[in-house]
Amino acid sequence: MSGPAGAATGAMAGDRGYSRSYRASAASNHGREVASHAQSTMAIEASDGHRFELLTRIPERPRRSLLWLPALGVAARHYLPVADALAARGVAVFLHEWRGHGSSSLRAGRDCDWGYRELLTLDLPASEAAIAAATPGLPRIAGGHSLGGQLAACRLGLDPAACDALWLAGSGAPYWRAFPRPQRLVLPLAYRALPWLAARAGSLPGRRIGFGGNEARGVMHDWAGTALSGRYATGSLGDLEPRMATAAVELRTVLFARDWLAPATSLQHLASRFPRARIAGTVLDDAALGVRADHFAWMKSPVPVAAWFQPL
């Protein structure tokens, strides 16, 4: 998330409210563009033994492959309508599962912790290897929603050739100075309080406080570091921004008109880390989406987002 809560989504609205409202109408607006494509799961194991599943939607004649990264605390299955809409446009979609959520074999707690290092150097390479084997030779896209978009960008800070294109939906840097008033006046406090709470409780009790899910201490620490400093750097990974600056990717972005968790200024801060990128962006409103244009509701009506990312 982008703001104070959600490690890339933005503030304390969190993923819990989305999870409640999503199930009732997940497929209501995307069906008319869904074409025939293979639906399956792929069992993945990272080098440290962490197990999870990739959810896949692969059309008969895919033109590109996409590794899609969820928002903080959101399980991969909630993006199946997004995957269907993109598969109908010729994109082979692979929905990554974050460590600690959904099909993941781990759950964050006092005796089980991780940070950006494990997500970026263990889990994402395992998914990338599986995608390369399943769709050899296809152009590679990485993308994500909220925190997922940020970490897709950070992956390029470790391997600038990891993908040919980067797609961001409702995503931006959580840096407090990149937010307008009045949010930025309270963000530094939230950015210090969330890691403190995670350290005290053993993990962030996101479901109880209304922000994210059950989140690892290390993830909250690394996210808050960027939120306070404005830089993508961690103690275990070092400064990611020098190599991000070398990535000559196609960068496509979509923001949502009512999404205060990922404002344009937040996205601009993130996009500025890619001076060699070819950037195109749009903002979708209620009329364009057919639902409220906020941080999560677009997932119920993903066809306009898919159309922006992958024109027919």
For residues 177-185, dump all side-chain donor-acceptor pairs below 3.5 Å to protein atoms at least two apart in sequence or in another chain.
residue: R177; atom: NE; partner: Y175; partner atom: OH; Å: 3.4

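Here the straight-line distance linking atom CZ of R278 with atom CG of L166 works out to 11.5 Å at 0.5 Å rounding. Rounding to the nearest 0.5 angstrom, the gap separating the CD atom in Q268 from the OG atom in S272 is 9.0 Å. Interatomic distance, OG of S104 versus CD of E97, reported as 7.0 Å (0.5 Å rounding). Residue L168 holds its CG atom at 6.0 Å from CG of L270, rounded to the nearest 0.5 Å. With rounding to the nearest 0.5 Å, the separation of CG in L122 from OG in S47 is 4.5 Å. Atoms CD and OG, on E118 and S236 in that order, are 7.0 Å from each other to the nearest 0.5 Å.
Formation of a donor-acceptor pair under 3.5 Å by the S301 side chain with backbone atoms of V291 is not found in this model. Looking at R110, its side chain does come within 3.5 Å of a backbone N or O of R200 through a donor-acceptor pair. Panel note: side chain R64, backbone R140; no donor-acceptor pair is recorded below 3.5 Å. Proximity of a side-chain donor or acceptor of N214 to a complementary backbone N or O of P205 within less than 3.5 Å is not detected. Listed for the Q310 side chain is no donor-acceptor partner under 3.5 Å among the backbone atoms of A307.
A heavy-atom distance below 4.5 Å is not found between the side chains of I279 and F274. Two residues are said to be in side-chain contact when any heavy atoms from C-beta on lie closer than 4.5 Å; I209 and L204 meet this criterion. Contact of the L66 side chain with the L86 side chain is registered, since non-hydrogen atoms from C-beta on lie closer than 4.5 Å. Contact of the L284 side chain with the W298 side chain is not registered, since no non-hydrogen atoms from C-beta on lie closer than 4.5 Å. Contact of the L156 side chain with the V249 side chain is registered, since non-hydrogen atoms from C-beta on lie closer than 4.5 Å. Two residues are said to be in side-chain contact when any heavy atoms from C-beta on lie closer than 4.5 Å; R217 and D113 meet this criterion. Residues F94 and W68 form no side-chain contact, since every pair of their non-hydrogen atoms from C-beta on lies 4.5 Å or further apart. Residues V305 and L289 are in side-chain contact: their nearest non-hydrogen atoms beyond the backbone lie under 4.5 Å apart.
In this structure, T246 has no side chain to side chain donor-acceptor pair (under 3.5 Å) partners at least two apart in sequence or on a different chain. Checked against side-chain contact (heavy atoms from CB on, under 4.5 Å), A280 has the following partners two or more places apart in sequence or in another chain: R252, W308. By the salt bridge (Lys or Arg N to Asp or Glu O under 4.0 Å) test, E45 is found to be paired with no residue, residues two or more places apart in sequence or in another chain being considered. In this view, R258 and D286 satisfy the side chain to side chain donor-acceptor pair (under 3.5 Å) rule, not counting sequence neighbours.
Shortest non-hydrogen contact noted between L312 and R63 is CA-NH2, 4.5 Å. Looking at every heavy atom in both residues, R231 comes nearest to T226 through O-OG1, 2.9 Å. The shortest heavy-atom contact between P195 and M220 is CG-O, 3.7 Å. Between A173 and S266, the shortest heavy-atom distance links the atoms O-OG, 2.5 Å. Heavy-atom minimum distance, A306 versus R89: O-CD, 3.7 Å. Closest approach of P302 to P81, counting heavy atoms only: CG-O, 3.5 Å.
The environment of CZ in R51 is sparse: at most 12 heavy-atom neighbours from other residues, nucleotides or ligands sit within 6.0 Å. Heavy-atom contacts from other residues, nucleotides or ligands closer than 6.0 Å to NE2 of H221 number 12 or fewer.
At a threshold of 4.0 Å, the pair R208-E215 does not count as salt-bridged, since none of the basic side-chain nitrogens sits closer than that to a carboxylate oxygen.
Using modelled atom types, one finds no donor on one side chain facing an acceptor on the other under 3.5 Å when comparing S146 with S171. Defined by atom type and a distance below 3.5 Å, a donor-acceptor pair is present between the side-chain atoms of D84 and H37. No side-chain donor from either of D222 and T234 sits under 3.5 Å from a side-chain acceptor of the other.
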Give the intermediate values and the outcome of side chain to side chain contact (heavy atoms under 4.5 Å, CB included) for residues F256 and D294. CA-CA 6 Å; F256 306 104; D294 65 23; 6.0 Å; no
When you look at L240 and L120, which way does the side chain to side chain contact (heavy atoms under 4.5 Å, CB included) test go after all the steps? CA-CA 11 Å; L240 301 176; L120 292 171; 4.3 Å; yes
Pair E250-R276, salt bridge (Lys or Arg N to Asp or Glu O under 4.0 Å): steps then yes or no: CA-CA 9 Å; E250 171 200 6; R276 298 188 62 199; over 6 Å; no
Go through the steps to decide whether L228 and R192 satisfy the test side chain to side chain contact (heavy atoms under 4.5 Å, CB included), and finish with yes or no. CA-CA 9 Å; L228 290 168; R192 290 178 173 89; 3.8 Å; yes
Side chain to side chain contact (heavy atoms under 4.5 Å, CB included) between L54 and T41: does it pass, once the steps are laid out? CA-CA 5 Å; L54 277 179; T41 62; over 6 Å; no
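In terms of hydrophobic clustering, with Ile, Leu, Val, Met, Phe, Trp and Tyr side chains grouped at heavy-atom distances under 4.5 Å, L189 and L261 are assigned to different clusters. Residue L138 is not grouped with residue L124 when hydrophobic side chains (ILVMFWY) are merged at heavy-atom distances under 4.5 angstrom, including chains of intermediate members. Residues L158 and Y116 share a hydrophobic cluster, clusters being chains of Ile/Leu/Val/Met/Phe/Trp/Tyr side chains in contact below 4.5 Å.
Using a 30° and 60° split on the angle between ring planes, W167 and F309 fall in the parallel class, below 30°.
Taking the six-membered ring wherever Trp is involved, the centroid distance between the rings of H145 and F296 falls below 6.0 Å. Between Y191 and W223, the distance separating the two ring centers is shorter than 6.0 angstrom.
The side chain to side chain donor-acceptor pair (under 3.5 Å) contacts involving residues 121-131 comprise H50-D123, H96-S127, R99-D123, E128-R155, where partners must be two or more places apart or lie in separate chains.
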